[in-house]
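A quick write-up on the structure given underneath.
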Amino acid sequence: MTRVSIVDYNRGNLFSVAQAFKHCGADVDFITTPKEIKDTEHLVLPGVGAFGDAMGGLIKRDLPDALRNYAQSGKPFLGICIGMQLLFDSSDESPDVQGLSILEGRVSEIPKFGSNQVSHKVPHIGWSGITPSHENYAWLNTPLNSTAHNTAFYFVHSFTAAPINPHDRLADADYNGCLISAGIKRDNVFGFQFHPEKSGKDGLAVLHQFMKLAPL
């Protein structure tokens, strides 16, 4: 049975993420210390709320360096929603707060106007289809391995990540002409802006594929 460890820093919908992984057959535990992070096999960093508050929760438990080291370990690492945004350098939501800087880039607010210059709702809430970020880019050997292009997932967010390296983008969503970073990847590190645990069978398939990933 695959062991999946979820970072518990008092920020995020831990129960629903845990239940989704258990439904996929995982042995789930919650971890709160740097040593537990070092010893785990598959690590998940969930999160809801504000960027600065979430980083504060990690700092309070002395977790940032352990998370950065884990990202270098080659073992599968997944950030969900704010957990994905925390992987970057900073966010316009909390300009004075440094992120984990596992990936280079900044998190910016979703534009309040679409490509037709008509205002739309921010936060972006609801189901949006995702597509590969690069032409002829395959999702093989990623958690999206079994996901068909344009499959819809559930989003709830006001900010979107902008990786400096375009190859760190794995999947995008189109929100009225605004390009959303739906998924990111670098080596063993993955992140999804959408909520797999709230996205039905297609979301569960993403989590199941993450469980199947082996260390690099």
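The figures here come from the full heavy-atom set of this structure, side chains too, leaving out hydrogens, waters and symmetry mates. Residue numbers run from 1 in the order of the sequence given.
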(message) Can you list everything that forms a salt bridge (charged side-chain N to carboxylate O under 4.0 Å, His left out) with D39? Sequence neighbours excluded, please.
(response) K35
Looking at [X] and [Y], what are the two nearest heavy atoms and their distance?
{"X": "Y70", "Y": "P76", "value": "OH-O, 3.3 Å"}
{"X": "I130", "Y": "A171", "value": "CD1-CB, 4.2 Å"}
{"X": "P64", "Y": "D62", "value": "CD-C, 3.6 Å"}
{"X": "S101", "Y": "Q98", "value": "OG-NE2, 3.8 Å"}
{"X": "T33", "Y": "L63", "value": "C-CD2, 3.7 Å"}
{"X": "L14", "Y": "P46", "value": "CD2-CG, 3.5 Å"}

hydrophobic_cluster_shared for [Y] and [X], side chain cutoff 4.5 Å:
{"X": "M211", "Y": "I31", "answer": "no"}
{"X": "V206", "Y": "V48", "answer": "no"}
{"X": "L78", "Y": "V189", "answer": "no"}
{"X": "L87", "Y": "M55", "answer": "yes"}
{"X": "I59", "Y": "L100", "answer": "yes"}

(request) Please assess N13 against K198 for the test side chain to side chain contact (heavy atoms under 4.5 Å, CB included), listing each intermediate value before the final yes or no. (result) CA-CA 11 Å; N13 48 338; K198 297 181 179 180; 3.6 Å; yes
(message) Could you work out, with side-chain hydrogen bond (donor to acceptor under 3.5 Å, both in side chains) as the rule, every residue matching T40, not counting sequence neighbours?
(response) S5
(request) Among residues two or more places apart or on two chains, list those pairs meeting side-chain hydrogen bond (donor to acceptor under 3.5 Å, both in side chains) that have a residue in residues 155-164. (result) H124-H157
(message) Going by salt bridge (charged side-chain N to carboxylate O under 4.0 Å, His left out), name the pairs with one or both residues in residues 204-216, residues two or more places apart or in two chains.
(response) none
(request) Could you label the plane-to-plane angle of the F155 and F194 rings as parallel, tilted or perpendicular, counting under 30° as parallel and over 60° as perpendicular? (result) perpendicular
(request) Could you list all the ring pair (Phe, Tyr, Trp, His ring centres under 6.0 Å) pairs where at least one residue sits in residues 7-46, not counting sequence neighbours? (result) H42-F210
Side-chain heavy atoms of [X] within contact of [Y], under 4.5 Å:
{"X": "M84", "Y": "I184", "result": "yes"}
{"X": "H167", "Y": "H134", "result": "yes"}
{"X": "L67", "Y": "V7", "result": "yes"}
{"X": "H149", "Y": "P132", "result": "yes"}
{"X": "F88", "Y": "P163", "result": "yes"}
{"X": "T147", "Y": "Q209", "result": "no"}
{"X": "N141", "Y": "N145", "result": "no"}
{"X": "I80", "Y": "H195", "result": "yes"}

Do [X] side-chain atoms and [Y] backbone N/O form a donor-acceptor pair below 3.5 Å?
{"X": "D27", "Y": "T2", "value": "no"}
{"X": "R61", "Y": "D8", "value": "yes"}
{"X": "S94", "Y": "S91", "value": "no"}

(request) For D92, look at atom CG and say whether over 12 heavy atoms of other residues, nucleotides or ligands are found less than 6.0 Å away. (result) yes
(message) Taking atom CD as the centre, does Q72 end up with more than 12 heavy-atom neighbours from other residues, nucleotides or ligands that are less than 6.0 angstrom away?
(response) no
In Å, rounded to the nearest 0.5 Å, how long is the span from [atom1] of [X] to [atom2] of [Y]?
{"X": "T142", "Y": "L213", "atom1": "OG1", "atom2": "CG", "answer": "7.5 Å"}
{"X": "R11", "Y": "L86", "atom1": "CZ", "atom2": "CG", "answer": "10.5 Å"}
{"X": "L43", "Y": "E36", "atom1": "CG", "atom2": "CD", "answer": "11.0 Å"}
{"X": "L144", "Y": "K185", "atom1": "CG", "atom2": "NZ", "answer": "11.0 Å"}
{"X": "S199", "Y": "E197", "atom1": "OG", "atom2": "CD", "answer": "7.0 Å"}
{"X": "I102", "Y": "R186", "atom1": "CD1", "atom2": "CZ", "answer": "10.0 Å"}

(request) Tell me, please, which residues at least two apart from P111 pass side chain to side chain contact (heavy atoms under 4.5 Å, CB included). (result) C178
(message) Can you tell me which residue among L58, I37, I82, I6 is in a side chain to side chain contact (heavy atoms under 4.5 Å, CB included) with L45?
(response) L58
(message) Is there a side chain to side chain contact (heavy atoms under 4.5 Å, CB included) between K38 and N69? Walk through the geometry before answering.
(response) CA-CA 8 Å; K38 180 181 178 181; N69 291 336; over 6 Å; no
(request) For D172 and S133, test the side chains for any donor-to-acceptor distance below 3.5 angstrom and give the result as yes or no. (result) yes
